[in-house]
Amino acid sequence: MLEKEYFAPKIEKKWFDIWEETKPYKVDDNSPKPKYFALSMFPYPSGKLHMGHVRNYTITDVVARFKKALGYNVLHPMGWDSFGLPAENAAIQKGANPKTWTLENIEYMTKQLKMLGLSVDWDREVTTCLPDYYKWTQWLFIQLYKKGLAYKKTAPVNWCDKCATVLANEQVIDGKCWRCDSEVTKKNLSQWFFKITQYSEELLKDLEQLTGWGDNVKTMQENWIGKSTGAILKFKVAELDDVEIPVYTTRADTAYGITYLVVAPEYKDIEKLTTPENLEAVNQYRENAKKLSEIERLSTERVKTGVPLGTHIINPFTGRKCPVWVADYALVDYGTGAVMAVPYHDERDFDFAKKYNLPMIQVIDGEGFEEGKCYVEKGHLVNSGQFNGIDAQSARAKITEFAQQQGFGEFKTQYRLRDWLISRQRYWGAPIPIVYCPHCGEVPVKEEDLPVMLPTDVDFSVQGKSPIETSATFKEAICPICGAKATRDTDTMDTFVCSSWYYLRYADAKNDKECFNRDLVNKWLPVDQYIGGIEHAILHLLYSRFFTKALRDCKLLDFDEPFANLLTQGMVLKDGSKMSKSKGNTVDPDEIYQNYGADTARLFILSDSPPARDFDWTDAGVEGCYKFISRMYRLYSKFQDKIKLDYSFDVASLSKKDDNFVREIHIAIKKVTHDIENEFQFNTVISSYRELTNAIYEYIKDENLINYDVLSFGLLTLLKLVSPVCVFLTEEIYSSLGAKTSIHDEPWCQYDDNLAKTSTITLIVQVNGKLKDKIDAAQGLDNASLEELAKASSKVQEAIKDKTIVKTIVVPNKLVNIVVK
RNA sequence: GCCGAUGUGGCGAAAUUGGUAGACGCACCAGACUCAAAAUCUGGCGUGGUUCACCCCACGUGCCGGUUCGACUCCGGCCAUCGGCACCA
């Protein structure tokens, strides 16, 4: 029996318990239905859900339920991105054990997620910090190692002092640490990298295939990969026979205008290139450069500085002798670390040359050129020997070809993307499964010996080194090759390694023999719909794409891209500004559950904005949604004895009123179905819920005129349409009406396009494109009749009197426009 | 500087293909019910003009221009906001 008024927490608790018991969302791998993989970006177990989680998982859940009702075999899993620094910081600050802290958070948040009513198959839960998962993270590391895609090298790497660890390039935002926002410095360290740059071109090119991704994300990845095409030009050093300086340039057309060369302070041959009389100044300059933070060094505002090395190169095009300088505006890790300088046609070189009084040669002339000013616009070549007069754009290839023939140049494609640094000097991560043997060097752990377990005898309070190093036994190892005493690597992997493959594990989450079964992964993947925040546009999404391609090349799976469709949801705001703990304007999901119920939260968070846009959470909005839910509930409560689950009626013999009502029901089904399928426009879906509810209230106004079969059709249709959003409410109502099955197992409503159309149309009548009248007319009238109808309108006659009709435009079933002069 | 997204009432927004701009809601206003309030129900709600009122007229989708019988929608040029990249040679 339905009560008179709706009381959410009691009803939701009831169904929570039932679903806990019956596990209605368990997925069958062998179902003959077509598969659909709906995936949310898995959460970090920080302690409590926030509204961003609620929005993310509600969207995915509605998609999953909708697809299930359409007849798909839906995989909708959930897991925990549970390695990472916060657990370790909690250990340091509160003396907690990172594992206990993390698992307690997971337990609490799991309950919160279940209370939200998600249709998740919890038997496939993955938790990245548990050995049954990180064993396979380590195994995958070894596969990449064997493929040559994991390697160790010494390089200047990004270092965050506060987090006491190195960072990947992607984790440095404007020179600051992505996690703690403190300034990043460079350190020369030996670290593990994944060779993501081997896939630069494929990662860029395959963005085209990703038609289900937004342009914003694709552009961000494109910018990050940063492809540019140009040339390598090699310069002989006048004073030295054994050194040559290659430079990378996109402006080979300006080669005749080179007046000096710049190398980065970390340039490999810089010592050879420095003459004794310049040594002291150069060394001092290099020392200073080292001390600068990344932010200072990369600032474009900064005045450029440099010192000459004393040596010179010969420009092979002109024979001109040009000095070599060291300057920190040259970057050691892009191109060759050396730059050719053409002050007349490059603003940076121009500033530098002016400051140090270096010569300039004009080699491009064009519209707007001014003597003594840097010129970077289009033009043709001058002072360039045989190339004079050629358009600068086409001269790039011609000059490079010439250099190639002469043996001092070649075409070169350059990417901004760097290899992914994955070592972390932290405890709470998957240990890198490598040992160092005095005889055999670096050797991967034998696969049958995995996982390399995290030690528990560690001291988290140590400074200046990883807590793992304080373990008494962790470092001790035996060489897998020769059996000698060896040392274990004490670094752990970046948490982004764990999250780069978790979606694959969902296909076969409990497999303890393999990382995942190849057939199962090929069956379920790629993910049909991936949903999460824009903050992962580069980091996680690029790494996952790389992993998929790398694992494909390791013959572990047979597809190229992991996520066919991507929806990046907007932020959740509170009264117009970003929710944050520091502002104290957060909304606690638990409180909403208790006061209004999860259905209200789900309904509201989908209602006001389309998913990709920011959503403004307001107390009045929640209140409004609760009222709407109560309004629906009252309808069913009022008619619960009259609703027929097996209603039937003949469309042909309905009264006009019933006929109109039936049409509105079909329109609602059509609109809801269409709006979910089209970009998941849940805000308009919910508008349709309200319109249908309003239509039902209108229909029941005169109780003597109710056809209860037709009313049942309306109420049961509304119930099913709302069921993906308000999962508890609809289940409660459906079961109270005597249904033996779950509303969530019922198929989606079907609409009849003919019944969704009106028998009459509203003819729009315009004069010179301006609305003059609206006339009710029959469907399907011919153009002449429509024109006649329009001209009969008194409003039209008023508007066209004393004027000449130039022509008349008729759009069948829609509009007549009379053009007059 | 380069690239991408967005711009519609007081607010969130809607508008398959160019064809009634503002659906649906929030807020607000009025009425019904009530001793009263809450809840609920009914109606109104872009701007300006005109009118006792109904009607009616003009204007209105960031700005300027174009195409068209007709433009929120298409084209060209700007402006603003948000986001990404950037001494990347």
Side-chain angles (χ1 to χ4, degrees), chain A residues 5 173-174 214-228 230-231 247-251 254 262 264 297-304 327-331 333-342 346-349 351-352 376 414-418 534-535 537-538 570 573 575-576 604 607-610 612-616 618-625 627-628 630-631 634 671 674-675 678 681 683-691 693-694 697 701 762-774 795 798 806-811 814-820:
Chain A
E5 280 296 322
I173 316 287
D174 292 329
D215 283 341
N216 52 347
V217 178
K218 286 196 277 188
T219 311
M220 280 158 82
Q221 293 216 351
E222 211 176 291
N223 287 343
W224 189 258
I225 295 166
K227 180 177 182 173
S228 82
V247 304
Y248 172 72
T249 181
T250 54
R251 295 295 307 274
T254 62
V262 173
R297 173 141 180 213
L298 295 177
S299 165
T300 46
E301 322 277 271
R302 215 172 114 243
V303 178
K304 290 171 186 39
D328 60 10
Y329 79 89
L331 306 172
D333 52 2
Y334 185 77
T336 63
V339 186
M340 64 181 218
V342 185
D346 180 285
E347 274 164 14
R348 292 155 304 193
D349 301 344
D351 291 346
F352 193 81
V376 293
Q414 186 71 41
Y415 300 90
R416 217 188 58 91
L417 184 68
R418 311 290 152 82
I534 187 76
E535 67 274 16
I538 295 173
L573 313 175
D575 302 318
F604 180 46
S607 66
D608 268 0
S609 305
R613 259 191 254 181
D614 286 350
F615 174 83
D616 197 11
T618 60
D619 295 338
V622 188
E623 199 69 47
C625 283
K627 282 181 189 171
F628 175 62
S630 307
R631 184 169 142 91
R634 280 197 300 275
K671 184 108 176 52
H674 178 268
D675 286 355
N678 178 39
Q681 286 195 47
N683 53 332
T684 53
V685 167
I686 288 163
S687 298
S688 299
Y689 294 169
R690 291 178 182 274
E691 280 175 332
T693 306
N694 291 343
Y697 268 98
K701 255 185 183 168
T762 305
L763 182 71
I764 303 305
V765 184
Q766 300 177 331
V767 173
N768 285 350
K770 302 211 162 170
L771 179 72
K772 289 295 164 195
D773 204 359
K774 302 174 195 178
K795 287 169 192 164
E798 178 67 19
V806 180
K807 65 170 156 177
T808 307
I809 284 123
V810 182
V811 181
K814 200 166 243 173
L815 156 149
V816 175
N817 185 17
I818 301 167
V819 186
V820 295

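The analysis underlying the following values was restricted to heavy atoms, covering all of them including side chains, and did not include hydrogens, waters or symmetry mates. Quick note on labels: first sequence line is chain A, next is B, and so on, each numbered from 1. None of the values given here were measured: they were computed from a predicted structure.
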>> Heavy atoms from C-beta onward define the side chain here; which of B/rG4, B/rU20, B/rC87 lies closest to that of A/Lys304?
In response: B/rC87
> Of the nucleotides B/rC59, B/rC85, B/rG4, which one has an atom closest to the side chain of A/Asp215?
Replying inline: B/rG4
>> Give me the atom names and distance for the closest heavy-atom approach of A/Asp616 to A/Asp575.
In response: OD1-N, 2.8 Å
> Think A/Tyr334 has a side-chain N or O under 4.0 angstrom from the OP1 or OP2 of B/rA89?
Replying inline: yes
>> Measuring only the C1' atom in each nucleotide, how far is B/rA38 from B/rC33? A whole number of Å is fine.
In response: 12 Å
>> Nearest to the side chain of A/Thr219, heavy atoms from C-beta on, is which of B/rU20, B/rG84, B/rG4?
In response: B/rG4
>> Say we look at B/rU42 and B/rG25: how far apart would their P atoms be, to the nearest angstrom?
In response: 11 Å
> Is any side-chain heavy atom of A/Thr254 less than 4.5 Å from a side-chain heavy atom of A/Met340?
Replying inline: yes
>> Heavy-atom nearest nucleotide on RNA chain B for A/Arg634 versus A/Met220: which residue maps closer to 5'?
In response: A/Arg634
> Out of B/rU20, B/rG84, B/rU16, which nucleotide sits closest to the side chain of A/Asn223?
Replying inline: B/rG84
> How is A/Lys227 classified with respect to the nucleic acid when contacts are heavy atoms under 4.0 Å: base, sugar-phosphate, or nothing?
Replying inline: nothing
> For B/rG1, what is the paired nucleotide under Watson-Crick or G-U wobble rules, both distances under 3.5 Å?
Replying inline: B/rC85
>> Please report the distance separating the C1' of B/rC11 from the corresponding atom of B/rC63, rounded so that it comes out in whole Å.
In response: 24 Å
> Would a distance-only check, ignoring hydrogens and angles, find a side-chain to backbone donor-acceptor pair under 3.5 Å from A/Ser609 to A/Phe615?
Replying inline: no
>> Rounding to an integer number of Å, can you tell me how far A/Glu623 CD sits from B/rG25 P?
In response: 17 Å
> What's the CZ-C1' distance between A/Phe352 and B/rA89, to the nearest Å?
Replying inline: 14 Å
>> Using Watson-Crick or G-U wobble geometry with both distances under 3.5 Å, which nucleotide pairs with B/rA32?
In response: B/rU40
> For the pair made of CZ in A/Arg631 and C1' in B/rC41, what is the distance, rounded to whole Å?
Replying inline: 9 Å
> Would a 4.5 Å heavy-atom cut-off, applied to side chains only, mark A/Ser607 and A/Phe628 as touching?
Replying inline: no
>> Given 3.5 Å as the limit, does a donor-acceptor pair link the side chain of A/Asn768 with the main chain of A/Val820, or not?
In response: yes
> Are OP1 or OP2 of B/rG18 and a side-chain N or O of A/Lys814 less than 4.0 angstrom apart?
Replying inline: no
>> At 4.0 Å (heavy atoms only), tell me whether A/Arg416 reaches a base, stays on the sugar-phosphate, or touches nothing.
In response: base
Under 3.5 Å, which protein N or O atoms sit close to an N or O of nucleotides 12-14 of chain B? Give each pair with its distance.
from: B/rG12; atom 1: O2'; to: A/Asp608; atom 2: O; distance (Å): 3.2
from: B/rG12; atom 1: O2'; to: A/Ser609; atom 2: OG; distance (Å): 3.4
from: B/rA13; atom 1: O3'; to: A/Asn683; atom 2: ND2; distance (Å): 3.4
from: B/rA14; atom 1: OP1; to: A/Asn683; atom 2: ND2; distance (Å): 3.1
from: B/rA14; atom 1: OP2; to: A/Arg613; atom 2: NH2; distance (Å): 3.1

> Could you state the CD1-C1' distance from A/Ile764 to B/rA15, rounded to the nearest angstrom?
Replying inline: 14 Å
> With both distances under 3.5 Å as the test, what is the Watson-Crick or G-U wobble partner of B/rC56?
Replying inline: B/rG49
> Whole Å only: how far is the CD1 atom of A/Ile686 from the C1' atom of B/rC24?
Replying inline: 10 Å
>> Work out how far the C1' atom of B/rC24 is from that of B/rG77, and round it to whole angstrom.
In response: 36 Å
>> Please pick, from B/rU16, B/rA89, B/rU20, the nucleotide with the shortest atom-to-atom distance to any side-chain atom of A/Thr762.
In response: B/rU20
> Does B/rG70 pair with anything, Watson-Crick or G-U wobble, both distances under 3.5 Å, and if so, with which nucleotide?
Replying inline: none
> When we call it a touch if two heavy atoms are under 4.0 Å apart, what does A/Lys218 touch: a base, just sugar-phosphate, or nothing?
Replying inline: nothing
>> Is there a side-chain contact between A/Asp333 and A/Arg418 in this structure, where contact means two heavy atoms from C-beta onward sitting under 4.5 Å apart?
In response: yes
>> Work out how far the C1' atom of B/rA58 is from that of B/rU51, and round it to whole angstrom.
In response: 16 Å
> Side chains of A/Arg631 and A/Thr693: closer than 4.5 Å at any heavy-atom pair?
Replying inline: yes
>> Over all strands shown, is A/Ala537 touching base, sugar-phosphate only, or nothing at heavy-atom distances under 4.0 angstrom?
In response: nothing
> Taking atom P of B/rC55 as reference, at what distance in whole Å does atom CD of A/Glu798 sit?
Replying inline: 17 Å
>> Give me the distance, rounded to whole Å, that separates B/rC72 from B/rG62 when you measure between the P atoms they each carry.
In response: 10 Å
>> How close do A/Ser228 and A/Tyr334 get, counting heavy atoms only, and between which atoms?
In response: OG-OH, 3.3 Å
> Does B/rG10 have a Watson-Crick or wobble partner in any strand here, with both distances under 3.5 angstrom, and which is it?
Replying inline: B/rC26
> If pairing requires Watson-Crick or G-U wobble contacts with both distances under 3.5 Å, which nucleotide is the partner of B/rU20?
Replying inline: none
>> Suppose you measure atom P in B/rU34 against the same atom in B/rC29; what distance do you get, rounded to whole Å?
In response: 23 Å
> Roughly, in whole Å, what's the span from CG in A/Leu417 to P in B/rG84?
Replying inline: 18 Å
>> As a test of reading the structure: which of B/rG84, B/rG4, B/rA23 is closest to the side chain of A/Glu691, going by heavy atoms?
In response: B/rA23
So which protein nitrogen or oxygen atoms get under 3.5 Å of nucleotides 64-74 of chain B's nitrogens or oxygens?
from: B/rC69; atom 1: OP1; to: A/Lys807; atom 2: NZ; distance (Å): 3.3
from: B/rC69; atom 1: O2'; to: A/Asn817; atom 2: ND2; distance (Å): 3.4
from: B/rC69; atom 1: O2; to: A/Asn817; atom 2: ND2; distance (Å): 2.3

> If you check the A/Ser228 side chain, which of B/rC59, B/rU42, B/rA89 turns out closest?
Replying inline: B/rA89
> Backbone N or O of A/Gln681 within a donor-acceptor pair of the A/Asp675 side chain at under 3.5 Å?
Replying inline: no
> Between the side chain of A/Tyr329 and the main-chain N/O of A/Phe352, is any donor-acceptor distance below 3.5 Å?
Replying inline: no
>> Between A/Ile173 and A/Thr250, which residue's closest nucleotide on RNA chain B lies nearer the 5′ terminus?
In response: A/Ile173
> Any side-chain heavy-atom pair from A/Lys774 and A/Ile764 closer than 4.5 angstrom?
Replying inline: yes
>> Working note: A/Glu5 + A/Arg634, criterion side-chain contact (heavy atoms from CB on, under 4.5 Å); need CA distance, chi angles, decisive distance, verdict.
In response: CA-CA 7 Å; A/Glu5 280 296 322; A/Arg634 280 197 300 275; 3.5 Å; yes
>> Please classify B/rG31 as syn or anti, treating any glycosidic angle within 90° of 0 as syn.
In response: anti
> If we take the C1' atom in both B/rA30 and B/rA15, what is their distance in whole Å?
Replying inline: 30 Å
> With sugar-phosphate meaning primed atoms plus P, OP1 and OP2, does A/Asn694 contact a base, only sugar-phosphate, or nothing at under 4.0 Å between heavy atoms?
Replying inline: sugar-phosphate
> What is the minimum heavy-atom distance between A/Lys772 and A/Lys795, and which atoms define it?
Replying inline: O-CD, 3.4 Å
> How many Å lie between CD on A/Glu222 and C1' on B/rG83, as a whole number?
Replying inline: 15 Å
